[in-house]
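All remarks here apply to the structure that follows.
Numbers here simply count residues along the sequence, with the first being 1.
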Amino acid sequence: MPKEEEDPRVAFLKRELGAAQERIRFLEKENEQLKQELAFAKSQTADKKSVPWKKLQNSVADNNNTPPENPTAESKVVEAPPSCPKAEYARLFANERVARVPKPPPKSSFSSQAPLQAGKGIKAPPPPPPPPMKLRGSASAVRRVPEVMEMYRLLTRRDTRTDCRTSGAASPVAVNARDMIGEIANRSSYLLAIKSEVETQGEFIALLTREVENAVYTEMSDVEAFVKWLDGELSYLVDERAVLKHFPQWPERKADAMREAACTYRDLKNLESEVSSFQDNHHQPSSAALKRMQALQDKLERSVHNLDRLRESTSMKYKEFQIPCGWMLDTGIISQLKLGSMRLARDYMKRIVAELQLSACIQDSPDEELLLQGVRFAFRVHQFVGGLNAETLGAFQELTKVAKDYQLLNSS
């Protein structure tokens with residue numbers, strides 16, 4: 001009886017021993033496979049690093065169009081062998097970033113003659129003169145109106161209240177630089193990622209460097225497209241500034257100048273579109289509509305004054321790097337912005353006239369402060385533009401007529 005009770009235990013232990021031995025053999029076999037796959041992957045990576053960029057680009061283009069009949073070792077994609085578990089293969093290559101191959105930059109709206117000449121060391125031809133504006137006739141009709149200044153002085157002389165506007169620009173919060181440096185220094189994975197990209201992305205940075213140095217355009221729309229492409233390529237890096245500072249050949253001044261010009265040009269074009277598409281909504285209350293026009297005029301004056309203040313220094317920098325700067329002249333976008341400002345003044349004075357007539361119907365006498373508000377805005381636009389065109393002058397004359405009808409211009 002005791003011998004029969006021990007047999008199941010012995011059999012169970014034997015089965016456990018056999019299973020453990022089988023597991024050991026399987027793990028040893030899998031270990032050998034992983035070693036072979038790792039050696040294979042390292043050899044493929046070494047082969048990839050030795051391939052010239054142009055050959056890689058051609059192989060990528062061929063793979064996108066038609067599969068090559070005789071693919072070379074360099075153009076083959078490293079794939080996991082059938083015997084390798086996909087999870088283990090992904091774990092091996094999760095931390096490796098392949099050297100980036102940049103996409104070609106956008107084509108110029110004109111022929112590519114200018115960039116090619118710049119690459120050969122030949123000075124690119126100067127940009128053509130700006131085309132005539134579609135509203136150039138209206139701009140030439142702008143003239144100074146002494147009546148605006150006289151009416152403004154008459155009303156402000158009687159107005160004893162001073163219009164003092166304090167600028168409440170808050171000072172930026174001081175940042176403790178030492179804490180930031182300490183935080184970055186403690187992020188070892190971040191520093192290791194930067195070090196890895198400095199070592200692996202050298203050819204990628206060199207290609208971008210050549211593209212930036214050879215970039216010569218005559219239209220700002222082409223500069224915008226190039227900057228968008230450049231930002232897209234540099235976004236591949238972990239930290240653009242931290243990586244590029246290790247490459248002294250990177251043309252940082254030219255790249256920053258192109259970005260600055262593209263950003264300023266885009267902001268002015270967006271503002272021009274906003275002003276040209278402005279419509280006075282007559283269903284909106286007058287107070288809200290007038291504030292909306294004042295806010296848009298504030299934005300116009302601020303943008304034009306900033307451009308005037310920096311025009312001389314930035315234009316010299318743009319000419320140094322062969323960036324178009326004709327759009328910064330008064331005959332460029334600024335003329336369109338000033339025409340939009342006169343349209344704002346016209347709509348603003350029409351609103352004031354309507355409010356004066358309405359208040360005269362409800363009350364015995366209209367609001368004199370409202371008249372002063374309209375004249376101030378007209379004077380402001382007159383000084384900003386340098387005069388008024390026929391349409392805006394007609395709105396001002398209508399405002400003057402209403403003021404005289406209600407005896408709001410009696411000198412006292």
Side-chain angles (χ1 to χ4, degrees), residues 3 5-103 182-208 233-240 242-244 246-247:
K3 186 176 182 180
E5 292 179 356
E6 293 178 356
D7 288 341
R9 299 179 183 178
V10 173
F12 175 76
L13 293 175
K14 288 182 178 180
R15 286 196 300 271
E16 288 291 325
L17 179 61
Q21 292 175 347
E22 184 67 23
R23 192 179 300 109
I24 292 173
R25 285 194 296 271
F26 174 77
L27 292 176
E28 289 178 349
K29 182 179 179 182
E30 187 176 8
N31 189 24
E32 290 296 328
Q33 290 178 353
L34 291 175
K35 288 181 180 180
Q36 295 175 3
E37 292 157 6
L38 182 60
F40 172 75
K42 287 183 178 180
S43 64
Q44 291 293 329
T45 304
D47 293 341
K48 274 190 172 183
K49 291 182 179 179
S50 62
V51 178
W53 175 76
K54 290 184 178 179
K55 195 169 184 179
L56 264 179
Q57 189 177 25
N58 294 334
S59 65
V60 171
D62 293 337
N63 288 334
N64 290 334
N65 297 327
T66 55
E69 296 180 1
N70 297 321
T72 60
E74 293 85 355
S75 61
K76 289 182 180 179
V77 179
V78 180
E79 297 181 353
S83 60
C84 176
K86 290 186 177 180
E88 291 294 331
Y89 187 80
R91 180 180 60 81
L92 288 173
F93 296 96
N95 296 326
E96 289 193 13
R97 299 195 74 187
V98 185
R100 173 77 171 174
V101 179
K103 299 177 183 178
E183 181 182 359
I184 294 175
N186 292 332
R187 293 162 60 188
S188 58
S189 59
Y190 167 80
L191 297 176
L192 288 175
I194 292 177
K195 182 180 178 181
S196 174
E197 290 202 335
V198 170
E199 296 173 352
T200 59
Q201 304 300 331
E203 188 174 3
F204 170 66
I205 302 299
L207 290 169
L208 295 183
E233 293 297 327
L234 291 176
S235 65
Y236 177 79
L237 302 176
V238 174
D239 189 326
E240 173 187 330
V243 174
L244 291 179
H246 294 278
F247 297 90

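Residue pairs that meet the salt bridge (Lys or Arg N to Asp or Glu O under 4.0 Å) test with at least one member in residues 17-26, sequence neighbours left out, are E22-R25.
Taking CD from E197 and NE2 from H246, the interatomic distance works out to 10.5 Å, rounded to the nearest 0.5 Å. Expressed to the nearest 0.5 Å, how far CG of L27 lies from NZ of K29 amounts to 12.0 Å. In this structure, I24 CD1 and N31 CG are separated by 13.0 Å, a value rounded to the nearest 0.5 Å. The CZ atom of F204 sits 5.5 Å away from atom CG of L237, with the distance rounded to the nearest 0.5 Å. Between the CG atom of L208 and the OH atom of Y236 there is a distance of 12.0 Å, given to the nearest 0.5 Å. Distance check: E233 CD to I205 CD1 gives 10.0 Å after rounding to the nearest 0.5 Å.
Considering only residues two or more places apart in sequence or on other chains, K14 meets the side-chain contact (heavy atoms from CB on, under 4.5 Å) condition with V10. Evaluation of the side-chain contact (heavy atoms from CB on, under 4.5 Å) rule for E199 yields K195 as partners, not counting sequence neighbours. The side chain to side chain donor-acceptor pair (under 3.5 Å) check on E240 picks up R259, with sequence neighbours excluded. Evaluation of the side chain to side chain donor-acceptor pair (under 3.5 Å) rule for Q21 yields no partner, not counting sequence neighbours. Every side-chain contact (heavy atoms from CB on, under 4.5 Å) that A193 has, sequence neighbours left out, goes to V238.
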Subject >> Worked verdict on V243 versus L234 for side-chain contact (heavy atoms from CB on, under 4.5 Å) >> reply: CA-CA 10 Å; V243 174; L234 291 176; over 6 Å; no
Original post:
So F40 and Q36, side-chain contact (heavy atoms from CB on, under 4.5 Å) or not? Walk me through it.
Top reply: CA-CA 6 Å; F40 172 75; Q36 295 175 3; over 6 Å; no
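Nearest heavy-atom pair, F247 versus V198, reported as atom, atom and distance to 0.1 Å: CZ-O, 3.7 Å.
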